[in-house]
2 protein chains.
Amino acid sequence: MIRTQNNTTEQCIMEAAEALFLDKGYARTSTIEIARVVGCNQTLVHYYFRSKENLFKQVFENKIKSFCFSLLEISEEDLPFKEKLEKRIGNHFDMLKVNSKLPILLFNEVHTNQDLARKIFADVGHLPLSIIAHLQLELDVEYENGCICKTDAAALLFSIFSLNVMTFIGSPLLRLFAENSKEKMDAILEQRRAENIRLIMNSLNP
Amino acid sequence: MIRTQNNTTEQCIMEAAEALFLDKGYARTSTIEIARVVGCNQTLVHYYFRSKENLFKQVFENKIKSFCFSLLEISEEDLPFKEKLEKRIGNHFDMLKVNSKLPILLFNEVHTNQDLARKIFADVGHLPLSIIAHLQLELDVEYENGCICKTDAAALLFSIFSLNVMTFIGSPLLRLFAENSKEKMDAILEQRRAENIRLIMNSLNP
DNA sequence: TTGCGTATTAATAGACCTATTAAATAGTAT
DNA sequence: ATACTATTTAATAGGTCTATTAATACGCAA
């Protein structure tokens, strides 16, 4: 058995599985291939994780949580509302940048594999409506003070989510403009980050 | 053989294939299942289309073209720039609404099945940069006239694309708010349509 | 060393999938 | 009817996949 790290076999399997699932999706990734990457027998994948589905759930459980809630987390800092929001949008973008292949994977499973999706998101639980309500309160205060226009919290969050997530789901399109240069691609992503923030902040103007 | 329409078998296969591909993705759809839906022998799928890949390409060839270029088509009407743009965003949204499952299917294939993606998009050809350049000219004129802020055409198109497409890729999220009511879901989509237009038009303000 | 639990392997059952082949049937023109 | 073509079917080769089973190697405590 050849291991890439000095990790346990179990960890190696999870790492290989994560990379392959992100690259090729759930359906196109086989336990045999995961084992091949790790350099172990395919039986071990089932020995440690019992089933492919279970492996998937264990690998992405935490990532899914942070993916779902990263936009909703309340920042601790006591900054003016608009600065806090700008930071929040940027943080969300940055989180996506280090998990750039996660959105398409998750949304594809949700759309095409309802069964798996239900099992996965059962653990994640329901949307924390209280947090959205909290943001709504903040927005209402800003509105009363004439700082922003009347704004629906859920709609605002979905707009932020759309712009940020689509940057990475649509990355093949952006790559057409990057001409295979990693530097150009990074520059384009930076532009998108700034543009997404600008678009949202602009939309709040009274 | 049971046919749902008085179409030819070939058409029935294409229709069933389209529905199944959109529902379950390429990898999870089998030619056997397509045949089962049509009510014919699985061999017929290969008789008419030679391979699953070929069937996929034939089924989606036209839809892919319109998906790629719908945002780029130049409207014939001679309206003021801003009205033309508003219409364009709305038209793009409406096109997506009647093909709501197409975006996740296509982006998933592009991300997870480079091979198929290359074959598909070879036919679609390259981005018509000339059209983007044409939009840039219009934007520059508007800017000179002080009607809008300095705006990059490609960035603007990507923002519109992001907001509109993500409405449908992210529809499972929106559904959480619709509480299984078709009417509520339609209302939410209408809100998103208006909100996407508002966001983009707002972003152009000088 | 023996014994025992853990880790690993080979072998394989049982499904399902794509694609091909050869044969049967339906349809149509002569 | 006959012959020819188009359509449809059954059978199956050949592949891959998930998961299980039984056997082997390893590590370590007694």
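Per chain, numbering begins at 1; letters A, B, ... match sequence-line order.
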Greater than 12 external heavy atoms within 6.0 Å of [X]'s [atom1]:
X        : atom1 : result
B:Lys182 : NZ    : no
A:Asn180 : CG    : no
A:Tyr143 : OH    : no

Task: OP1 or OP2 of D:dT8 under 4.0 Å from side-chain N/O of B:Thr9 - done: yes
Open item on the list: Does D:dA6 have its OP1 or OP2 closer than 4.0 Å to a side-chain nitrogen or oxygen of B:Tyr48?
Closed with: no
Round to the nearest Å and state the distance from [X] atom [atom1] to [N] atom [atom2].
X       : N      : atom1 : atom2 : result
A:Asn54 : D:dT18 : CG    : P     : 14 Å
B:Glu10 : D:dA6  : CD    : P     : 13 Å
A:Asn41 : C:dT6  : CG    : C1'   : 16 Å
A:Leu44 : D:dT24 : CG    : C1'   : 13 Å

Open item on the list: Using a strict threshold of under 4.0 Å (side-chain N to carboxylate O), is an ion pair present between A:Lys82 and A:Glu142?
Closed with: no
- [ ] For A:Arg192 and B:Ser159, test the side chains for any donor-to-acceptor distance below 3.5 angstrom and give the result as yes or no.
- [x] yes
Task: Whether A:Phe107 and A:Phe67 hold their rings parallel, tilted or perpendicular, with breakpoints at 30° and 60° - done: perpendicular
Open item on the list: Ring-plane angle category for B:Phe21 and B:Phe56, please: parallel below 30°, perpendicular beyond 60°, tilted otherwise.
Closed with: perpendicular
Open item on the list: Using five base pairs at each end to define the local axes, how bent is the helix from C:dT1-D:dA30 to C:dT30-D:dA1, to the nearest 10°?
Closed with: 10°
Open item on the list: Can you build the contact string for nucleotides 16-26 of chain C? Use B for base contact, S for sugar-phosphate-only contact, and - for no protein heavy atom under 4.0 Å.
Closed with: -SBBBB-----
- [ ] Not counting sequence neighbours, list each pair that qualifies as a salt bridge (Lys or Arg N to Asp or Glu O under 4.0 Å) and has a residue in residues 98-112 of chain B.
- [x] A:Arg28-B:Glu109, B:Asp23-B:Lys101
